[in-house]
Amino acid sequence: MADIKKILCAVDFSDYSPMVADYANMMAKCSAAKVTVLYVAPSLSQYVGFHVPPSSIESFVGEIVTGAEDTMNAFVKENFNDLNVEGKVVTGYPAEEILAICEAEGCDMIVMGTHGRKGIDRILFGSVAEKVVKSSKVPVLTVRPS
């Protein structure tokens with residue numbers, strides 16, 4: 001069996017995130033792995049050219065990150081009790097950031113949710129999980145909401 005020492009658990013703080021955390025918990029307990037819980041806040045840099053001052057966008061993103069860090073602390077306390085866990089909040093494009101953090105942190109596995117979008121929703125919103133699965137160098141466990 002693969003030696004899993006570090007798991008990246010990517011969450012979006014939706015109602016399904018605790019379910020994703022349950023799977024990361026189970027995998028970590030089975031392998032005594034450390035867990036990094038990651039939330040990627042949107043950078044909003046694509047809106048700089050729309051007559052919105054960059055300082056306003058940066059300020060708004062800063063507020064999002066501050067709120068997300070508070071939410072992350074509460075999420076880790078509620079969902080990861082007896083494990084070696086670190087919460088991390090970054091900004092950027094979710095799939096890119098998940099893959100970059102996974103590589104930078106030397107993770108052996110990614111656990112993340114998928115919203116299971118179909119049809120036009122999938123075309124419009126894309127699939128972060130699909131992009132991660134296709135590009136990841138490590139195994140990815142996707143958790144679909146029930």
Side-chain angles (χ1 to χ4, degrees), residues 1-49 54-118 121-146:
M1 185 166 164
D3 191 20
I4 300 171
K5 295 187 188 299
K6 200 164 194 186
I7 298 170
L8 179 64
C9 177
V11 296
D12 61 2
F13 299 136
S14 69
D15 293 342
Y16 303 110
S17 291
M19 186 186 308
V20 174
D22 286 344
Y23 279 90
N25 259 313
M26 178 184 63
M27 297 301 295
K29 286 177 183 172
C30 289
S31 60
K34 178 182 179 188
V35 178
T36 299
V37 183
L38 177 67
Y39 172 76
V40 182
S43 71
L44 304 180
S45 61
Q46 68 265 28
Y47 297 109
V48 170
S55 59
S56 296
I57 292 173
E58 289 171 16
S59 174
F60 182 60
V61 170
E63 290 177 31
I64 291 171
V65 169
T66 300
E69 286 171 345
D70 293 341
T71 302
M72 176 63 76
N73 292 334
F75 184 83
V76 167
K77 274 185 185 175
E78 290 171 22
N79 295 282
F80 296 91
N81 18 5
D82 301 329
L83 295 175
N84 184 2
V85 179
E86 171 194 15
K88 185 174 273 206
V89 175
V90 298
T91 58
Y93 296 103
E96 291 174 13
E97 293 299 325
I98 290 166
L99 293 166
I101 297 291
C102 179
E103 189 166 334
E105 301 264 329
C107 295
D108 305 300
M109 171 180 258
I110 299 171
V111 178
M112 64 185 301
T114 175
H115 290 288
R117 290 188 177 104
K118 293 181 181 176
D121 278 352
R122 186 152 184 254
I123 292 167
L124 292 175
F125 298 111
S127 171
V128 172
E130 181 181 15
K131 291 171 188 164
V132 170
V133 167
K134 285 183 174 181
S135 301
S136 179
K137 296 176 184 173
V138 300
V140 181
L141 172 64
T142 58
V143 180
R144 187 176 174 133
S146 52

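Atom CG of Asp15 has 12 or fewer heavy atoms from other residues, nucleotides or ligands within 6.0 Å. No more than 12 heavy-atom neighbours from other residues, nucleotides or ligands sit within 6.0 angstrom of NZ on Lys5. Residue-environment remark: CD (Glu86) exceeds the threshold of 12 foreign heavy atoms within 6.0 Å.
The two atoms that bring Val138 and Cys102 nearest to each other are CG2-SG, 3.6 Å, heavy atoms only. The shortest non-hydrogen separation linking Ala28 to Val35 is CB-CG2, 3.5 Å. Across Lys137 and Glu103, no two heavy atoms sit closer than the pair NZ-OE1, 3.8 Å. Counting all heavy atoms, side chain and backbone alike, Cys9 lies closest to Ala21 at SG-CA, 4.3 Å. Closest approach of Ser17 and Val11 over heavy atoms only: OG-CB, 3.7 Å. Considering every non-hydrogen atom in both Phe75 and Pro18, the closest pair reads CE1-N, 3.9 Å.
Counting heavy atoms from C-beta on, the side chains of Cys107 and Ile7 never come closer than 4.5 Å. Using a 4.5 Å heavy-atom threshold, the side chains of Ile110 and Pro139 count as separate. Counting heavy atoms from C-beta outward, Leu38 and Val40 have side chains that approach closer than 4.5 Å. Between Met112 and Val140, the closest side-chain pair of non-hydrogen atoms falls below 4.5 Å. With a 4.5 Å cut-off on side-chain heavy atoms, Phe80 and Val37 count as touching. Taking the side chain as every heavy atom from C-beta outward, Ser136 and Leu99 approach each other to under 4.5 Å. Side-chain contact between Lys34 and Val85 is absent, with no heavy-atom pair separated by less than 4.5 Å. Met72 places a side-chain heavy atom less than 4.5 Å from the side chain of Phe13.
Side chain of Lys6 to backbone of Glu105: a donor-acceptor contact under 3.5 angstrom is found. In this structure, Asn79 contributes its side chain and Asp22 its backbone to no donor-acceptor pair below 3.5 Å. Distance alone, capped at 3.5 Å, places no donor-acceptor pair between the Ser135 side chain and the Val132 backbone.
Between the NZ atom in Lys88 and the OG1 atom in Thr36 there is a gap of 6.5 Å [rounded to 0.5 Å]. The distance from the NZ atom of Lys131 to the OH atom of Tyr93 is 10.5 Å, given to the nearest 0.5 Å.
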Evaluation steps, side-chain contact (heavy atoms from CB on, under 4.5 Å), between Leu8 and Ile101: CA-CA 8 Å; Leu8 179 64; Ile101 297 291; 4.1 Å; yes
